[in-house]
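The structure under discussion appears below in the form of structure tokens.
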Amino acid sequence: MSSWTAEIEAKWQQRWYEAGIFEANRDDRPKFMMIFAYPGLTGYLHVGHMRGYTYVDAITRYKRMCGFNVLFPVGTHATGNGAISLAKRIREKDQKTTDYLLANGCPPEKLADLTEPQKVVDFFNQVYVNQYWKRFGFLADWRRFTSTTNPDYGQFIQWQFRKLHDRGLLIQKPYFAPACVECGPVAVDASETDLSKGGNAETNEYTLLKFRCGDLFLVAATLRPETVYGQTNFWVNPDVEYVKVRRKGEPWVISRPSYDKMRYQKDDLVLEGTIPGTELIGKTCVAPVIHREVPVLPATFCKPDVGTGLVTSVPSDAPDDWISLKLLQEDEATMARYGLDPAMVRAIEPIPIIETKGYGPLPAVEMIDKMGIIEAGDPRLDEAKKAIYKDGFHTGRMSSNAGQFSGMKVEEAKELIKQMMIESGEAELFYDLSEEVICRCGRPVVIRKVPDQWFIDYANPSLTEDSKRHAKSMQILPQDYYVNIQGVLDWFRERACVRQGNWLGTRFPYDNKWIIEAISDSTLYPIYYLVSHYYNSGQLPLSSLTEEFFDYVYLGKGDAAQVAASIGVSVELLERIRKDVSYWYPLDINLGGKEHMTVHFPAFLMNHVAILPEELWPRGIFVNWYVTGKLGKISKSKGGAEPIPDAAERFGVDALRLYYANIASPFADVEWDENAIDNYSSRIDRILRTVDELKALPGAERQKVDDWLLSRMSNRALAIARAMEEYDLRRTSNEAYFETLSDVRWYMRRGGGNAHTISHLLRSWIRMMAPITPHVAEEMWAGIGEQGFVSTTPFPTSDELPTDALAEASENYLKEVITDINEILKVTGIAPRRLYLYVSPKWKRDVLELGLELARSKQLSVPGLTKAVMAKDDLKRRGKESADFARKTAEDLLKRSEVELSKLAMDVDEKAYLQDAAVFLARELGCEVGVYSADDPTAPDPQKKARAAQPHRPAIYVE
RNA sequence: GCAGGGGUAGCCAAGCUUGGCCAACGGCGCAAGAUUGAGGGUCUUGUCCUUAGUGGUCCGAGGGUUCAAAUCCCUUCCCCUGCACCA
């Protein structure tokens, strides 16, 4: 992009910021407050992030021009371990991290400085504000900037949690969560940079089944507790050395790896010794629930690192169990080796326990036969297991062998059987990850018990109900989400809200050892922007941000004078802030990416509902989709993702802004494509050039096409106003940057050039572009001699310019005639020397009139119109000709919609309009043009085409 | 596992809530013409088949409702996304 672009961007940004037009101060105008969900400070952002942010700037600019007092505050979310781990990696001089930082424009000398988490936070705060948001020309109220690790923000969060506690929404209970044994809690997620392995792991809940075996308990782990009724034997891996541990006084046998994991979940586990698997084989043990003695048999599929390394055998429904049993029954050598009685082993038969649609009584047996599996290690066993489990769980019912659960759906029975065993002391729970997860520090991640975890009770019924009811009154886009959020709010349940370990954030007010986690401190914050600038400017000292301060300014609780005195600020200031809150809140729109749909938005809404009075509950949510695809590839290429400032430099900020606004619906992902942005860039250039051309026109009389153009602009303003009711920037930009340009080109082509028209056109057009491409809009605004910022000028309304439906219909008619002419020229391949146009004779227009009249009164029919036509003497006189035309007209009109009918009803003076345009047509076609009436017997008509003329459809003859 | 989205002409992508201005916005690409002493750029026109401005076929596939369906209903195939102390 040319340096000209960067120059005007810098110029207008400087002027806006110097003039302070972004500052939002309470006054008498209606207000509009909008935010985007602030980004987490985890490093550099990429061009995809700017999509949503740009929507907010464009929408708030539009609202500002529509007369609203606009508040668009920004902040950042620094809570978490992102800054800590980044600082750590920098400290360790991690090469990848260094490359990443440098590629994104971090000055090399800065690196040494970024070894402290807080320095990292400060650094990125500055990057986001200056290199991203200001670089894009945002009119955010910079004075209100806040970040979640700032001490004042912490005061606010502590207040928020006190309010949650007051409402009884903080609860405490044990919790099992993934944690690195060294670094503390981590999120197990594929995108999580704090993991070096296993991001896709899931947490499984195993039921530990205790089998009494002499004076020991063999402890098997199962994901299917409902299958206990089908147990036939017990599996032990002869190659594994198990450990003996004491649990609540009981001697348990489990595998070593399971002990290593289990001790993070069961505090009293004591390791007492080891016992080889072979020592157990051949014994019997008592199976839980069914209380039968079952033999302990050898099996090699029991892996020590899955579950407890011990398995209860349910050959009816577990393919592994069935194949192992079958093979053992045929394996004399193995039975002999372990001294097993072959008769006893062969007597074991699967017990049917679950009836599943599409399966016989023994699904595992059936499946193994069907798949032809004959070996214990067959990888398809896993597939078979999953299929049986899935079908059995969703569609199965417990069979008559399942005791009191017979006939019950598996889905229900599973939970009940598990509970029953836990209550009777025959079972316990154990959580494990589905695959190995390794922290970036190299240590394993395990599921750890947190005995006294705090939760926010989002499952609270009245909170849920109030939130759902309120959501129905909100403007939520897209429409689908308006519906779905009801379900999300229902589903939203208790959520762990504090944690320990490496973490930046606010201390939990009721217990200092906890730090509030990342999602819980980012829900109510929009209201904090109404306080932050008083703190930032020094008017409110940190010590004044007490519970009673927030109670007063947010909830109106307490006495102003008393509160003011106790916190040491003036009553005036306190009341001013209180008034600010009442004025600016509720928040009109919270915009965020689609990842927020199931967590942030419901939490955002529920915290508002829980803490604030109803009149301060938010009014709108806007969800935007991503910029995706090639981005990933770019980010892995040598230079990393193209940094935002570089993209701004290359393409121009306005081109990027237009790209975001127009490339697709906000509710669809788009693939980053540099060609597309180039196109938007060149579109802006074309518009600039067209504006210059318009200004350079020599001047012309006012013509019909002037009425057309002004009317089009008027309707355009109306269309934009409608589109913006739903914040539809795509339609808006389509009108302003595509439709208008094509109209203007048409106007010029038609010979338009009236100075008065052009002046009105430009004044409207430039203002229409100001929200999306503000820099070039300002430049053009100044270029037409306007004073002041277009950014603060009222947005054009349809009232400003005259609408003229006839002028539009007439011009449209001309365009259709030209389309027909082109069609003929194309088909015939004639290079025209002369063009004859014959407009409809009057009598045909009369027939159409009659038809339209009947259509208006819903009485149109073919015979009806013919009758009406025959009732008129002058038409009747034409005989068959008029009857035929009446039939044709009626048939045609019957097919048309109301809109089309109303267009046909427009009283376009065809002949006059075509005559007026004859010079233009002649120039366009490069030939003579004659316009005649088909009524006129003296008109030249070499091919007798005139009789084909119809209303709104002149006959055409070219030669 | 829980929740949800989508398949539209060579490509990207509107339309679908409220059936009829839909052969289907717009853009890209491609082709032709104009301008330009190359190229690029810009402007105009065209870009499903057929055709003196007509007619035919079409919106993943199959069926249905209707005077009328890309739009509503059913069946079916295929893609994709979000969430589970990352925000």
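Proteins get letters first, then strands, A, B, ... in listed order; numbering begins at 1 in each.
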**Message:** Consider ring pair (Phe, Tyr, Trp, His ring centres under 6.0 Å). Of Y175(A), Y206(A), Y264(A), F176(A), which one does Y431(A) pass it with?
**Reply:** F176(A)

Tell me which nucleotide among [options] gets nearest to the side chain of [X].
X	options	answer
Y626(A)	rU42(B), rG82(B), rA84(B)	rG82(B)
F738(A)	rG26(B), rA87(B), rA13(B)	rG26(B)
N822(A)	rC2(B), rG53(B), rU45(B)	rU45(B)
R749(A)	rU44(B), rA87(B), rG53(B)	rU44(B)
A668(A)	rC21(B), rG82(B), rA14(B)	rA14(B)
R730(A)	rU51(B), rA14(B), rG53(B)	rA14(B)
E900(A)	rG20(B), rG53(B), rC28(B)	rG20(B)
K826(A)	rG53(B), rU42(B), rG46(B)	rG46(B)
N484(A)	rG4(B), rA14(B), rC2(B)	rG4(B)
T598(A)	rC25(B), rG53(B), rG82(B)	rG82(B)

Sugar-phosphate only, base, or nothing, as touched by [X] at under 4.0 Å among non-hydrogen atoms:
X	value
G80(A)	sugar-phosphate
T819(A)	nothing
V488(A)	nothing
R731(A)	nothing
E739(A)	sugar-phosphate
S902(A)	nothing
K594(A)	sugar-phosphate
W503(A)	sugar-phosphate
H77(A)	sugar-phosphate
P954(A)	base
N679(A)	sugar-phosphate
Y680(A)	nothing
Y481(A)	nothing

Same-atom distance ([atom1]) from [N] to [M], integer angstrom:
N	M	atom1	result
rG53(B)	rG37(B)	C1'	40 Å
rC72(B)	rC80(B)	C1'	25 Å
rC12(B)	rU35(B)	C1'	30 Å
rA13(B)	rG6(B)	C1'	13 Å
rA61(B)	rG7(B)	C1'	11 Å
rA9(B)	rU71(B)	P	15 Å
rC59(B)	rU54(B)	P	23 Å
rU50(B)	rG55(B)	C1'	8 Å

Could you tell me the separation between the [atom1] atom of [X] and the [atom2] atom of [N], rounded to a whole number of Å?
X	N	atom1	atom2	value
D669(A)	rA13(B)	CG	C1'	14 Å
N715(A)	rC21(B)	CG	C1'	15 Å
D673(A)	rA13(B)	CG	P	10 Å
E595(A)	rU81(B)	CD	P	14 Å
L925(A)	rU45(B)	CG	P	12 Å
Q486(A)	rA3(B)	CD	C1'	14 Å
F492(A)	rG82(B)	CZ	C1'	13 Å
H596(A)	rA84(B)	NE2	P	11 Å

Scan every strand shown for a Watson-Crick or G-U wobble partner of [N], both distances under 3.5 Å, and answer none if you come up empty.
N	value
rC30(B)	rG46(B)
rU36(B)	none
rU17(B)	none
rG62(B)	rC74(B)
rA9(B)	none
rG1(B)	rC83(B)
rC22(B)	none

**Asked** Can the ring centres of F667(A) and F622(A) be said to be less than 6.0 Å apart?
**Response**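 That pair passes the under 6.0 Å test.
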
**Request:** Check whether the side chains of T79(A) and D521(A) place a donor and an acceptor atom closer than 3.5 Å, and report yes or no.
**Result:**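 Looking only at side-chain atoms, D521(A) and T79(A) do form a donor-acceptor pair, the distance falling under 3.5 Å.
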
**Message:** Within the 3.5 Å criterion, strictly below it, is a donor on W746(A) or E811(A) matched to an acceptor on the partner's side chain?
**Reply:** yes

**Prompt:** Can you check side chain to side chain contact (heavy atoms under 4.5 Å, CB included) on E517(A) and I519(A), steps first, answer last?
**Reply:** CA-CA 6 Å; E517(A) 65 78 43; I519(A) 286 156; 3.6 Å; yes

**Prompt:** Is any side-chain nitrogen or oxygen of R495(A) closer than 4.0 Å to OP1 or OP2 of rA84(B)?
**Reply:**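 So the side chain of R495(A) is within the cut-off, an N or O lying under 4.0 Å from OP1 or OP2 of rA84(B).
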
**Message:** Please evaluate residues Y680(A) and N662(A) with respect to the criterion side-chain hydrogen bond (donor to acceptor under 3.5 Å, both in side chains), reporting the C-alpha separation (whole Å), side-chain torsions for both, the decisive distance (0.1 Å), and the verdict.
**Reply:** CA-CA 9 Å; Y680(A) 286 107; N662(A) 188 73; 2.8 Å; yes

**Request:** Would you sort out whether Y525(A) and Y38(A) count as a ring-ring contact (aromatic ring centres under 6.0 Å, His included), showing the intermediate values?
**Result:** CA-CA 10 Å; Y525(A) 71 91; Y38(A) 50 26; 3.7 Å; yes

**Asked** What do the steps show when you test Y836(A) against E959(A) for side-chain hydrogen bond (donor to acceptor under 3.5 Å, both in side chains), and what is the final call?
**Response** CA-CA 9 Å; Y836(A) 302 79; E959(A) 63 177 22; 3.3 Å; yes

**Item:** Geometric class of the W672(A)/F651(A) ring pair [parallel <30°, tilted 30-60°, perpendicular >60°]
**Value:** perpendicular

**Request:** Check for a donor-acceptor pair, side chain of D685(A) on one end and backbone N or O of R689(A) on the other, with a separation under 3.5 Å.
**Result:** no

